[in-house]
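What follows is a set of notes on a single structure, which appears directly below.
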Amino acid sequence: MCGIVGYIGTKNTKEILLSGLKELEYRGYDSAGIAVLQNGIFSSYKAVGKLINLEMKTKDFKTEGFALGIGHTRWATHGKPTELNAHPHFGENSCVVHNGIIENYAELKRELQTDGVTFLSQTDTEVIVHQFEKNQKESNNSFEAFTKTIKDIHGAYAILLATKGESETLFFAKQGSPLLIGINDVNEKYFASSDTPLIGQCSDVTYLEDGDYGYVTPTKIALFDKNGAEKETKFVALSQNKLLAQKEGYRFFMEKEIYEQSRVISDTLMGRAGKDEILFDELDSSLFDGINEIKLCACGTSYHAAMSASYLFERYAKVKTSIEVASEFRYRKPIMTKDTLFVVISQSGETADTLETLKMAKAAGLKTLVICNVDNSSMVRLADASILTRAGIEKGVASTKAFATQITVFWMLSLYIAKLRGSLSQEETASHIDTLRKVPSHVKVSDEMHERIKRLSKRYLHGHGFFFIGRDIFYPLALEGALKLKEISYLHAEGYPAGEMKHGPIALADPTLFTIALLPKHLLYEKAKSNVEELSARDSTICAISQIPFDKADDFVEISACEHYMLEFFEMMVVVQLLSLEISIRLGNDVDMPRNLAKSVTVE
Ligand code: M6R
């Protein structure tokens with residue numbers, strides 16, 4: 001997830017920007033840059049990789065006296081992590097830093113190019129500065145031009161923009177991505193995407209709301225709401241605890257990441273979920289020419305996403321799909337035929353077992369695709385094509401938001417392939433897209449839900465094991481629920497197809513065998529329900545998750561009423577994540593760094 005800093009004042013602007021970016025490192029980034037406007041002249045520096053590279057580049061650059069500056073750490077979403085793609089982005093006289101995604105960038109870019117504008121980067125961000133300069137030429141008033149620009153762009157953003165003609169003004173706007181303004185008693189103004197860069201520099205902050213925009217000068221903060229009405233800037237005292245600030249008030253990064261799912265899924269959908277079709281700018285549809293089978297290969301949570309994808313691909317795209325655990329696949333002398341598209345899934349893009357299978361597929365001459373969260377990772381560099389999941393950095397070892405975005409990508413990809421194969425009508429696709437757009441609101445964690453699970457968790461701290469059960473695509477979700485629980489609670493948990501319990505595991509049923517039953521209303525409800533009844537009859541303790549009340553359960557977690565099984569899938573995903581989190585917290589475990597595990601498994 002990108003980070004923004006900004007400053008207007010008389011201190012050492014370069015140092016303030018660099019140390020601000022350092023405080024945002026925890027958000028993850030792959031390149032960084034700064035721009036300083038002093039005496040009507042812009043100085044800008046960018047570097048790929050760690051901030052030390054930017055520090056080296058700027059070591060002879062000095063800023064003394066009044067200046068304004070903007071800085072950015074970038075997590076690539078549109079375009080590779082290169083210096084050209086790093087922010088700030090420049091027009092003729094202005095520059096911009098931006099977090100978020102500009103949904104209509106391709107359209108605006110085409111229009112600007114027709115007007116003769118040359119683009120230097122592959123980013124969506126660059127359109128902002130060119131659009132601003134176009135508007136500036138038309139209005140001759142920079143703030144008017146900025147106001148028009150934020151009306152022209154659609155999507156999510158936190159923006160800081162500076163322009164030569166206004167060397168004491170920093171323009172800002174916020175929609176969907178966080179942005180704060182900090183002040184202190186020496187009349188300096190700071191901007192940042194989270195509290196951390198402001199701690200120690202500012203006494204008070206204002207957290208901008210969606211739709212807010214305006215400008216800041218050494219003596220003024222002009223703030224406007226989404227309707228263009230000027231509003232009062234309300235400041236609150238800034239807490240001075242950095243670790244707490246990084247976790248944004250959550251107890252653990254995993255908790256924060258569960259809460260972030262709504263926003264990152266919106267990012268994943270942005271620019272891809274069209275009106276009645278799925279658009280993947282990054283894919284050439286010829287990738288699917290001559291393909292009769294899709295083979296999905298991954299480890300851990302990514303494997304569960306792959307398994308979920310196999311249900312969607314066969315159901316909607318009507319393409320034969322197989323799944324493979326990477327560590328098994330690499331040693332079993334698999335038959336690989338060239339009519340198979342080989343897809344690897346990885347949050348990190350570095351998992352050794354998965355990477356090896358990708359190499360095998362390439363060596364066998366198969367077409368390859370990676371679904372990944374980290375641009376420029378080994379897998380992204382190696383595969384023929386890649387789709388980025390846009391979850392932002394995931395710090396908790398137990399994967400949550402990466403899984404949520406992988407499922408979102410796979411659902412979209414199943415519709416994309418369905419279109420190529422003509423297996424869904426336009427109406428059916430449009431209806432899916434409608435449902436997809438509802439996912440962000442269904443994964444929002446409500447206080448009531450979290451409180452309910454917190455209370456429930458105290459009854460599930462012992463016992464001789466957990467069975468997470470579900471049918472169809474809820475089976476991989478059951479596997480994922482069990483993996484989450486065992487990773488961070490160290491309790492024994494298994495995921496099982498609900499219909500398979502009677503073929504053996506039901507022998508374990510007794511009051512201290514905990515069954516977490518996934519009972520979607522819209523997919524095989526009666527079938528799954530009777531499997532749970534069999535367990536209930538043998539006195540297993542049942543916690544049912546459903547939108548339909550279930551009287552044979554000891555505990556019941558009610559998800560919201562919805563009309564599609566995939567919405568139920570996403571809601572239940574949040575429930576099982578929260579349940580694991582709360583059980584782990586009650587057991588006193590280190591939620592973010594569970595014993596014996598590493599975030600990225602780069603060894604065999
Ligand atoms: O980075 P990857 O998605 O390739 O990682 C695969 C697994 O190591 C990973 O999903 C692991 O299972 C997580 N700890 C699950 O929470």
Problem - Approximate separation, where rounding is to 0.5 Å, of Ile8 CD1 and Thr217 OG1 - result: 6.5 Å
Practice task
Examine the side chains of Glu126 and Thr123 and answer whether a donor and an acceptor come within less than 3.5 Å of each other.
Solution key: no
Handout entry: Ile387 and Arg272, any side-chain heavy atoms less than 4.5 Å apart
Key = yes
Practice task
Could you verify whether a donor N or O on one side chain and an acceptor N or O on the other, from Gln246 and Thr196, lie under 3.5 Å apart?
Solution key: no
Exercise for the section: Report the C-alpha distance between Tyr207 and Asp195 in whole Å, list the side-chain angles of each, state the deciding distance to 0.1 Å, and finish with yes or no for side-chain contact (heavy atoms from CB on, under 4.5 Å). Expected result: CA-CA 9 Å; Tyr207 297 86; Asp195 288 347; 2.7 Å; yes
Exercise for the section: Might you point out which heavy atoms bring Ile70 and Cys95 nearest each other, and give the distance in Å? Expected result: CD1-SG, 3.6 Å
Exercise for the section: Take Asn187 and Lys189 through the test side-chain contact (heavy atoms from CB on, under 4.5 Å) and record every step on the way to the result. Expected result: CA-CA 7 Å; Asn187 221 9; Lys189 315 275 184 315; 3.5 Å; yes
Practice task
Give a yes or no on whether the backbone of Ser94 and the side-chain of Glu133 come within a donor-acceptor separation of less than 3.5 Å.
Solution key: yes
Handout entry: Asn12 and Tyr7 side chains, donor-acceptor separation under 3.5 Å
Key = no
Practice task
Find out whether Thr405 and Arg390 are in side-chain contact, i.e. whether some heavy atom of one side chain is under 4.5 Å from a heavy atom of the other.
Solution key: no
Completion exercise
Nearest heavy-atom approach of Ala391 to Ala402 is CB-CA, 4.1 Å
Problem - Reported CG-to-OG1 distance for the pair Leu424 and Thr429, which is rounded to 0.5 angstrom - result: 4.5 Å
Handout entry: Lys174, Lys226, Lys231 screened by salt bridge (charged side-chain N to carboxylate O under 4.0 Å, His left out) with Asp212, the one that passes
Key = Lys231
Exercise for the section: Report yes if the side chains of Lys134 and His130 come closer than 4.5 Å at any heavy-atom pair, otherwise no. Expected result: no
Practice task
Can you label the angle between the His72 ring and the His87 ring as parallel, tilted or perpendicular, going by 30° and 60°?
Solution key: parallel
Problem - Distance-only polar pair, side chains of Ser286 and Asp284, donor-acceptor under 3.5 Å - result: yes
Exercise for the section: Taking the side chain as every heavy atom from C-beta outward, state whether Glu23 and Ile199 have any pair of such atoms under 4.5 Å apart. Expected result: no
Practice task
Please assess Leu279 against Glu277 for the test side-chain contact (heavy atoms from CB on, under 4.5 Å), listing each intermediate value before the final yes or no.
Solution key: CA-CA 6 Å; Leu279 308 154; Glu277 65 174 332; 3.7 Å; yes
Exercise for the section: Using a cut-off of 6.0 Å, state whether more than 12 heavy atoms not belonging to Lys164 lie near its atom NZ. Expected result: yes
Problem - Side-chain heavy-atom pair Glu138, Glu144 within 4.5 angstrom cut-off - result: no
Practice task
I would like to know whether Ser302 and Gln406 meet side-chain hydrogen bond (donor to acceptor under 3.5 Å, both in side chains); could you show each step before the answer?
Solution key: CA-CA 8 Å; Ser302 296; Gln406 286 169 341; 3.0 Å; yes
Handout entry: Under 3.5 Å side-chain donor-acceptor pair for Thr163 and Asn93
Key = no
Exercise for the section: Please lay out, stage by stage, how Gln131 and Thr149 fare under the test side-chain hydrogen bond (donor to acceptor under 3.5 Å, both in side chains). Expected result: CA-CA 6 Å; Gln131 189 71 17; Thr149 306; over 6 Å; no
Exercise for the section: Using a 4.5 Å cut-off on heavy atoms from C-beta on, say whether the side chain of Gln577 contacts that of Gln261. Expected result: yes
Exercise for the section: Hey, can you tell me if Phe42 and Phe90 have their rings parallel, tilted or perpendicular (30° and 60° cut-offs)? Expected result: perpendicular
Handout entry: Donor + acceptor pair across side chains of Glu571, Ser560 (<3.5 Å)
Key = yes
Exercise for the section: Check the side chains of Glu103 and His154 for a donor-acceptor pair under 3.5 angstrom, ignoring hydrogens and angles. Expected result: no
Exercise for the section: Output yes when a side-chain donor or acceptor of Thr73 lies under 3.5 Å from a complementary backbone atom of Ala32, and no otherwise. Expected result: no
Handout entry: Sidechain-backbone polar pair: Lys57 side chain, Lys46 backbone, donor-acceptor under 3.5 Å
Key = yes
Exercise for the section: Give a yes or no on whether the backbone of Ile393 and the side-chain of Lys401 come within a donor-acceptor separation of less than 3.5 Å. Expected result: yes
Practice task
Give, for atom OH of Tyr316 and atom NE2 of His432, the distance between the pair rounded to the nearest 0.5 Å.
Solution key: 4.0 Å
Problem - Val439 and Trp411: CA distance, side-chain angles, deciding distance, side-chain contact (heavy atoms from CB on, under 4.5 Å) verdict - result: CA-CA 11 Å; Val439 175; Trp411 188 0; 3.7 Å; yes
Handout entry: Residue pair Asn85 / Ser121: nearest heavy atoms and the distance that separates them
Key = OD1-CB, 3.2 Å
Problem - Modelled atom types, side-chain donor and acceptor of Glu188 and Gln201, under 3.5 Å - result: no
Handout entry: ring-ring contact (aromatic ring centres under 6.0 Å, His included) partners of residues 259-284, not counting sequence neighbours, each pair once
Key = Tyr250-Tyr259, Tyr259-His450, Phe280-Tyr416
Problem - Neighbour count above 12 (heavy atom, 6.0 Å) for Glu83 CD - result: yes
Practice task
Check for a donor-acceptor pair, side chain of Thr301 on one end and backbone N or O of Phe403 on the other, with a separation under 3.5 Å.
Solution key: no
Handout entry: Within 45° cone of Tyr29 ring axis and under 6.0 Å: Lys50 NZ or CZ
Key = yes
Handout entry: Ring geometry between Phe132 and Phe171 (parallel below 30°, tilted from 30 to 60°, perpendicular above 60°)
Key = tilted
Exercise for the section: Take Phe146 and Phe224, measure what ring pair (Phe, Tyr, Trp, His ring centres under 6.0 Å) needs, and give me the verdict at the end. Expected result: CA-CA 12 Å; Phe146 183 72; Phe224 298 82; over 10 Å; no
Problem - Nearest heavy-atom neighbours spanning Glu282 and Ser386 - result: CG-O, 3.2 Å
Completion exercise
Minimal heavy-atom distance between Ile181 and Phe191, with the atoms involved, is CG1-CE2, 3.4 Å
Practice task
Give a yes or no on whether the backbone of Ile102 and the side-chain of Asp124 come within a donor-acceptor separation of less than 3.5 Å.
Solution key: yes
Practice task
Find the distance between OG (Ser348) and CE (Met379) and round it off to the nearest 0.5 Å.
Solution key: 5.5 Å
Handout entry: Heavy-atom neighbours of Lys419 NZ exceed 12 at 6.0 Å
Key = no
Exercise for the section: Using distance alone, with no hydrogens and no angle criterion, decide if Ser203 and Asn184 have a side-chain donor and acceptor under 3.5 Å apart. Expected result: no
Problem - Value rounded to 0.5 Å, distance of CD1 in Ile407 from OG1 in Thr389 - result: 11.5 Å
Exercise for the section: Look only at the side chain of Lys395 and the backbone of Phe253, and say whether a donor-acceptor pair between them is shorter than 3.5 Å. Expected result: no
Problem - Check: Tyr190 and Leu180 side chains under 4.5 Å, non-hydrogen atoms - result: no
Practice task
Answer yes or no: is there a side-chain heavy-atom contact under 4.5 Å between Ile345 and Val409?
Solution key: no
Exercise for the section: May I ask you to check whether Ser142 and Glu166 show a side-chain donor-acceptor distance below 3.5 Å? Expected result: yes
Practice task
Over all heavy atoms of both residues, which pair between His98 and Ala156 is shortest? Give the atoms and the distance, please.
Solution key: NE2-O, 3.4 Å
Problem - Under 3.5 Å side-chain donor-acceptor pair for Gln347 and Ser399 - result: no
Problem - Ion pair Glu25/Lys22, N-O distance below 4.0 Å - result: yes
Problem - Gap separating the OG1 atom of Thr400 from the CD atom of Glu260, nearest 0.5 angstrom - result: 8.0 Å
